[in-house]
Amino acid sequence: MKIKSILTLIVVSVFLIVSCSDDLDIANPNRISVDEFVANSGQDQAVAITDAIYNALIVDGLYQRMTPVHGDARGDEARSRSPWAFLSQTANFTVPSTDGAVAWCYEGYYVLINRANQALENVPAIEDVDPDLRSRLLGQAYFLRALAYFNATNIYDNVPLVLTVPKSQDEFYPSNQDVTQAMIYEQVEADLTEAIARLPISYNSVAGPDAGQVGRATLGAAQALMGKVKLYQEDYAAAASYFNEVISSGQYALVDDYGSMFSQDPADEAANTERIFWAEFSTEEYPDFNWGGDPTINWRQFSAIAPTYSGADFYDFFPTPFLDQELRAERTINDELDPRYAATILAYDPDEGLTQAYGQDNFFLDPNNLYIAKYTLANYGGDPFFCGINYSILRLADVLLMQAEALANTGDIPGAAALMQQVRDRANLPDREAEFAGYNLTQFMEQLAHERVTELGLEGVRYYDIKRWGWLNDPVKLEELKSHDPEFNTFMPGREYQPFSQTELDRNPNLVGNSANQ
């Protein structure tokens, strides 16, 4: 869903000028105020206000680059070789709060939250909007706010809960003093409950300006995220219920070609039946980078993961030997390398038929090095600064494996084994369902950890799996992580989260630091 054109017509960021005198309330002649926009609005403007929320997904702090970086760098799948201290110190858990880049995710998520709050406040007030359309627009705003808080709390822990558009100086400086992650999850669940009640299963069956559009939040996206929130809180029965709704909906299916999910070819993207919710990027050659700020018609909307991860460009990260070994651990039924390997890792291995890079044969590859393929142009070629690979935020294979985890933890290991084998079948791996069904819970969870890293490697989820499984607090598991990735040698309790930016702490007197700020 391309929303560039309508975003240039509106600005939904709030700029508050608080003073003792009305004479100092300055209006920007180049900017339509929110009040003016809403006062002269109709159905098209209601859609535009909601569409503007989506734009925040593609800025640097979110899925253009930094949200995936926070998940990948701190896991054991990738190591940093970056000269940029922020990336290398994020990877080894030593980034200081004084590094300005620490704030980029934080700021990006509050842009998204603020835009969602504006939609939730203003869309109900706009006249002449079809009631069903209005409900769908509000459902999308609730979903996107839930996604923002889910990610923000998993990156920073006890972030402030801001549920209305700030209207006074006091509201502009929210406190997190008494906020807990449990409270944030409770709010995420409340928002998702609203979203589930309002969102359609797809937009092919709706009437209105959004009819037939793809990329908008759906019922399946809200149910999948709700299941994930429940899973993270170890409410396995509830998680299983939501995941089952997604799996049994008939809306999603595993694609045959795993690598096609990480292609920027529009035909591959359109044929991706596995995607549930994603951030959409494009190859349009506009001049301005979409790092952040107000969107303009000149935004190119590219994915900066490509140059950041690519061995042919910035080469800030490379796969660990651990990830290489996991993807080579089991061969297919035809005695071939797991097909997910080449989609994830770029390596020179003529014995396995791996000799190409960036669309060229025998291109620059050092046989002693490993490079990242996933979300780069390693398997296709092209200019990484116009990379248009869409970023999967929720996809079916992840839901199947999360459902397997939920079922195993409620005692249904045979049911969990069937789902795990379903994901393996797509990779043409041997049928081990009966073997897995006989595992105890500890054995099954060990196997599940392997299945998740091979299926979802370098997709920003491994670190959060490690953290929620308690491995960082388990001396045996922590030593294992250190053997996978030496960057864990500098992990210490309290560094599970990124610190709040010192700049943010300085300007907001009501904000208190988290454990990483101590």
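None of these values were measured; they are calculated from a predicted model. Numbering of residues begins at 1 and proceeds along the displayed sequence.
- Between the Asn390 side chain and the Phe281 main chain, a donor and an acceptor come within less than 3.5 Å of each other.
- Side chains of Phe318 and Tyr309 form no contact here, defined as non-hydrogen atoms less than 4.5 Å apart.
- Within the 4.5 Å cutoff, the side chain of Trp104 has no heavy atoms near those of the Ser501 side chain.
- For Glu284 (side chain) and Gln301 (main-chain N/O), no donor-acceptor pair under 3.5 Å exists by modelled atom type.
- For the residue pair Tyr109 / Asn151, a side-chain donor-acceptor distance below 3.5 Å is found, with atom types taken as modelled.
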Open item on the list: Under the criterion side chain to side chain donor-acceptor pair (under 3.5 Å), I'd like the reasoning laid out for Gln325 against Arg328: C-alpha separation, chi angles, the key distance, then a yes or no.
Closed with: CA-CA 5 Å; Gln325 292 160 10; Arg328 290 180 183 271; over 6 Å; no
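- Counting all heavy atoms, side chain and backbone alike, Asp338 lies closest to Ala427 at OD1-CB, 3.8 Å.
- For Asn117 and Glu121, the side-chain atoms include no donor-acceptor pair closer than 3.5 Å.
- For the pair Arg81 and Tyr315, the cation-pi test (distance below 6.0 Å, angle within 45°) is passed.
- Within the 4.5 Å cutoff, the side chain of Tyr497 has heavy atoms near those of the Lys467 side chain.
- Side-chain atoms of Arg452 and Leu448, non-hydrogen and from C-beta on, do get closer than 4.5 Å to each other.
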- [ ] Would you sort out whether Cys387 and Gln264 count as a side chain to side chain contact (heavy atoms under 4.5 Å, CB included), showing the intermediate values?
- [x] CA-CA 7 Å; Cys387 176; Gln264 62 182 2; 4.2 Å; yes
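- Counting heavy atoms of neighbouring residues, nucleotides and ligands inside a 6.0 Å radius, atom CZ of Phe500 exceeds 12 of them.
- By the 4.0 Å N-to-carboxylate-O rule, Arg462 lies close enough to Asp76 to be salt-bridged with it.
- Between Val461 and Lys228, the closest heavy-atom pair is CG1-NZ, 4.4 Å.
- In this structure the side chain of Leu337 never reaches within 4.5 angstrom of the side chain of Thr332, judged on heavy atoms.
- With Phe277 as the fixed residue, the ring pair (Phe, Tyr, Trp, His ring centres under 6.0 Å) test singles out one of Tyr252, Tyr391, Phe143: Phe143.
- Ring pair Tyr375/Phe262 is perpendicular by interplanar angle, where above 60° counts as perpendicular and below 30° as parallel.
- Here the side chains of Tyr203 and Arg136 are in contact, with some heavy-atom distance below 4.5 Å.
- Ion pairing between Lys230 and Glu189 holds under the 4.0 Å rule for side-chain N and carboxylate O.
- With a 4.5 Å cut-off on side-chain heavy atoms, Leu163 and Arg145 count as touching.
- For the pair Arg300 and Phe289, the cation-pi test (distance below 6.0 Å, angle within 45°) is passed.
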Open item on the list: As a quick check of understanding, evaluate side chain to side chain contact (heavy atoms under 4.5 Å, CB included) for Asp256 and Arg426, giving each step before the final call.
Closed with: CA-CA 6 Å; Asp256 292 332; Arg426 191 251 303 274; 5.9 Å; no
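- Within the 3.5 Å criterion, the main-chain N or O of Val255 finds no donor-acceptor partner in the side chain of Asn272.
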TODO: For the pair Glu451 and Leu456, evaluate side chain to side chain contact (heavy atoms under 4.5 Å, CB included) and give the outcome as yes or no after the intermediate values.
DONE: CA-CA 8 Å; Glu451 302 294 343; Leu456 303 166; over 6 Å; no
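- Counting heavy atoms from C-beta on, the side chains of Ile345 and Asp324 come closer than 4.5 Å.
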TODO: Show the numbers, then the answer: is there a side chain to side chain donor-acceptor pair (under 3.5 Å) between Tyr358 and Ser310?
DONE: CA-CA 10 Å; Tyr358 303 95; Ser310 169; 2.6 Å; yes
- [ ] Take Ser263 and Asp268, measure what side chain to side chain donor-acceptor pair (under 3.5 Å) needs, and give me the verdict at the end.
- [x] CA-CA 6 Å; Ser263 161; Asp268 287 338; 2.8 Å; yes
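- Identified under the salt bridge (Lys or Arg N to Asp or Glu O under 4.0 Å) test for residues 56-65, with sequence neighbours left out: Asp60-Arg65.
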